[in-house]
Each structure stands twice: as C-alpha cells, then as structure tokens.
Amino acid sequence: MKQLVMSIWTVRLILSMALLSSLFLLTSCESEITHKEPVEDNPRQESLPLTDPDNLKIPVIESEKVDKVYGWLDNETILYSVQQSNRKEAVIKTWKMTEKAGEEFHYPAEQIIDVSISPDQSFVLVHTASTADTASLVILTHTGDVQYSFSIPSVELTYEWNIYEPGTLFLSGFNRDWSYTSYIVNGGKKSLETVKAPQPFLQWGSKDEIWYLDWNEEQPNLTAPLFKQNLADAQKKGIMLDIIYFKKMKHSYFVIRDESETFSKATYTFYNEKNQSLAAFKIPHLKNFSDWLIPYYDYNETKQTLLTFAPDKAGNVDQYTGSFSLLSFNWKTGTQEKEMTQLENEPLSCSQNQDWCLYGYQFENIIDMNGKEVYPLFKQ
C-alpha cells in the first residue's frame with residue numbers, strides 16, 4: 001500500500017481475506033471423512049453432545065474423502081465435494097438424506113476454491129482456479145447442467161447473488177494490490193458486464209439497486225450509514241445512520257446497532273420494504289479487534305424467522321470464556337425462543353423447512369432442530 005496508514009476499508013478487507021484463506025486451508029487439510037472434534041483452547045466446556053446418527057435419516061459416508069460441505073439444494077439434499085482416487089480434482093456430489101445415497105453433480109476441471117448455492121436454490125456457482133491470478137467460474141442449474149462459464153483476473157473473489165433475478169450475481173475480483181474490478185453476471189443471458197461500484201462488498205436492494213454500508217476510509221469508526229444506489233444512473237440515497245451490520249432480504253431487511261450506553265447490547269431491528277419497523281430484539285455484544293463480532297446466523301424469510309447465536313454475556317472476543325445459545329426470533333410475531341444452549345459460534349446453514357441445520361466451520365455436524373440434538377454428519 002502506498003499510504004502509511006491503512007484505511008478502515010483496507011483493514012476490514014485484509015482481515016476478511018485472511019479469514020477466508022484460513023478457512024480454505026483448514027478445509028483443504030481435511031482429507032478423511034473421520035469426524036474430528038475441534039481443539040479447544042478453553043477448557044471451560046466439554047465436546048458437543050454428538051449422538052449416533054444410525055437411526056436418523058442423515059448422511060453416512062464411509063468410502064470417500066470428503067473435501068467440504070456447501071449447503072442445501074432442497075429440504076433433504078446436501079451439496080458437498082469428495083476427493084476420489086482416480087481424479088486429481090475433487091468431484092461435487094449431492095446426498096439425499098431420505099435415500100442415504102450420493103450422486104455425481106459436477107466434475108470441475110480445476111481445483112475447487114469455493115461453491116455457492118443461490119438463495120432460491122435454483123443455481124450453483126463453482127469457483128475454480130488453474131493459476132493464482134485467474135478465477136474460473138461456472139454457473140450450474142439445480143440439476144448440475146452448465147448454464148454459463150467464464151474467467152476473470154482475480155487473486156481473491158467476493159460475490160452476492162441477486163435475490164430478485166435468479167442466476168444473476170454481483171462479483172468483485174481483487175488484484176494483488178487489493179484494487180478490484182466489479183461485474184454483473186447474468187447466467188440466463190450468458191453475459192458478463194463490468195460495473196462501477198462504490199465498494200466490493202454489496203447486497204442487492206432490488207433488481208437494479210445495490211445496498212451498502214458507506215465506511216469512512218479516512219476516519220475509522222465502528223458504525224456507518226446505510227446507503228442504496230441505482231446501478232443505471234449511479235444515484236445514491238441514504239437509508240439510515242449508525243449501522244454496524246445489515247442483511248437485505250427480498251421483502252424485508254434487518255440492521256444491527258449498538259444502542260446501549262455501555263456498548264453491551266446489540267439491537268437487531270427488522271424493517272419492511274417501506275422502511276417501517278416491524279420488530280426488534282437484543283443480545284449481548286462482543287467486541288472484536290476493529291469492530292463488533294457478528295454471530296453466525298441463518299434466516300427464512302417465508303417463515304419470517306432468524307436463527308442466530310448469542311453470547312451468554314457481553315465482553316471482548318479474546319477474553320470471552322462463555323458459550324453461545326442458539327436463538328430463534330420471529331419478526332412477524334416479535335417472539336424469541338432459546339432453541340439450544342452450550343454451543344459454539346460457528347457457521348450455520350439450515351434447510352428451508354428449518355428441520356435441519358448444517359453446523360460447524362466445515363459443516364461437519366448437523367442439528368436436528370426438532371429434537372434439539374447435534375449429530376456428526378459423517379460416521380466416526
């Protein structure tokens with residue numbers, strides 16, 4: 001960087017990319033399907049209560065080396081990749097829980113970097129790379145057929161599915177100096193268009209509109225104003241101030257603020273398309289290195305339910321010795337329930353009916369939301 005003092009956006013970018021790289025290296029090192037318990041630096045808690053899955057309709061894979069689990073294609077189908085002995089590159093497969101059987105889904109020609117399932121589960125993006133400076137991408141249909149493939153210069157990549165136009169994405173490809181180029185990709189039209197974007201991390205507000213937090217690069221702050229911008233004319237408009245985090249859904253959205261005098265509570269507030277407040281709830285806050293820790297979560301807009309982890313008490317991330325509870329909040333009724341306790345804050349991906357949730361940094365566990373139990377996804 002030419003500047004001696006990094007901007008807050010640069011710090012956030014480097015921290016984000018470092019985390020992504022760490023997770024990728026961790027995933028690449030997982031060569032066996034044997035379930036391994038995470039090493040705990042803190043002796044405060046024993047391992048999660050994992051129950052034998054033999055009597056449940058969940059995957060039991062015994063003859064393959066699982067690379068990574070990516071999420072749900074429908075209420076009972078999981079997408080994952082395996083390393084086969086006769087191929088250098090991993091193979092992407094599906095697993096139907098009711099049938100306890102896997103099928104080939106896609107054979108990438110290069111090393112898999114990441115796989116992303118669209119929010120409506122109708123498309124799959126596969127990111128591979130043959131060189132360190134090029135990203136190869138292919139958009140697949142729900143059945144694994146190739147819809148569109150292309151390549152862009154990139155050492156790192158971020159993307160956001162357009163929830164209003166299936167098969168369309170916003171992409172940002174980063175160069176080695178952290179400069180970036182943004183694109184709109186339309187899988188249906190098989191088109192790739194370069195666009196000017198205010199920053200690389202955006203969410204879709206409508207078919208032709210983007211939302212983003214306008215962080216001040218010169219003056220680091222823990223909050224930022226929320227803006228929206230039309231892609232056609234680049235006109236932007238402020239939505240609200242002092243936001244820590246936001247998530248835009250198709251017909252609603254929520255924001256996270258710190259409204260307590262002691263900075264001990266995070267307030268989640270839900271809004272409709274007219275920016276009218278629907279409901280809100282609070283959880284204890286944990287402070288990170290340069291911002292606030294946003295606990296992992298998943299949501300179902302049809303059921304108007306958010307599932308999120310919440311720490312037992314407020315504090316600093318590095319000094320926190322408590323556990324996390326899994327909470328559900330319905331922003332239609334305003335009701336909150338504590339689903340499970342004594343868990344870790346790790347990634348969560350739930351089926352659309354919310355009966356099952358993949359859980360863990362590699363989705364190595366699965367939560368039975370009806371029975372309130374955590375099970376290993378693969379047999380030991």
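In this chain, residues are counted from 1 in sequence order. Worth knowing before you read on, the calculation uses all heavy atoms, side chains too, and leaves out hydrogens, waters and symmetry mates.
- Not counting sequence neighbours, the partners of Ser264 by the side chain to side chain contact (heavy atoms under 4.5 Å, CB included) test are Ser260, Thr262, Ala314.
- You'll find the side chain of Thr168 stays beyond 4.5 Å of the side chain of Lys207, heavy atoms only.
- Taking a 6.0 Å sphere around NZ of Lys332, one finds it holds 12 or fewer heavy atoms contributed by other residues, nucleotides or ligands.
- Evaluation of the ring-ring contact (aromatic ring centres under 6.0 Å, His included) rule for Phe170 yields no partner, not counting sequence neighbours.
- In this structure, Leu125 and Trp161 have side chains that are in contact, with non-hydrogen atoms separated by less than 4.5 Å.
- Around atom NZ of Lys190, more than 12 heavy atoms belonging to other residues, nucleotides or ligands sit under 6.0 Å away.
- Ring-centre distance between Tyr271 and Phe246: not below the 6.0 Å cut-off.
- The closest donor-acceptor contact from the side chain of Trp72 to the backbone of Ser349 lies under 3.5 Å.
- More than 12 heavy atoms of other shown residues, nucleotides or ligands fall within 6.0 angstrom of atom CD in Glu339.
- Among residue pairs with one or both ends in residues 224-245, those qualifying as side chain to side chain donor-acceptor pair (under 3.5 Å) are Tyr245-Tyr297; sequence neighbours excluded.
- Taking Ser182 as the reference, Ser172 meet the side-chain hydrogen bond (donor to acceptor under 3.5 Å, both in side chains) condition, with sequence neighbours excluded.
- Of the charged side-chain nitrogens involved, none lies within less than 4.0 Å of a carboxylate oxygen, so that Glu301 and Lys248 do not count as a salt-bridged pair.
- You'll find the side chain of Tyr212 reaches within 4.5 Å of the side chain of Asp214, heavy atoms only.
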List, one per line, each side-chain donor-acceptor pair under 3.5 Å for residues 138-150, sequence neighbours excluded.
residue : atom : partner : partner atom : Å
Thr141  : OG1  : Thr143  : N            : 3.4
Thr141  : OG1  : Thr143  : OG1          : 3.1
Thr141  : OG1  : Asp145  : N            : 3.2
His142  : ND1  : Gln121  : O            : 2.9
Thr143  : OG1  : Asp145  : OD2          : 3.1

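- If you chain together hydrophobic residues whose side chains sit under 4.5 Å apart, Leu169 and Ile163 never meet in one group.
- Side-chain atoms of Leu377 and Val66, non-hydrogen and from C-beta on, never get closer than 4.5 Å to each other.
- Less than 6.0 angstrom separates the ring centroid of Tyr268 from the ring centroid of Phe281.
- Applying the disulfide (SG to SG under 2.5 Å) test to every pair with at least one member in residues 292-374, sequence neighbours left out, gives these pairs: Cys350-Cys357.
- Residue Leu307 is grouped with residue Leu293 when hydrophobic side chains (ILVMFWY) are merged at heavy-atom distances under 4.5 angstrom, including chains of intermediate members.
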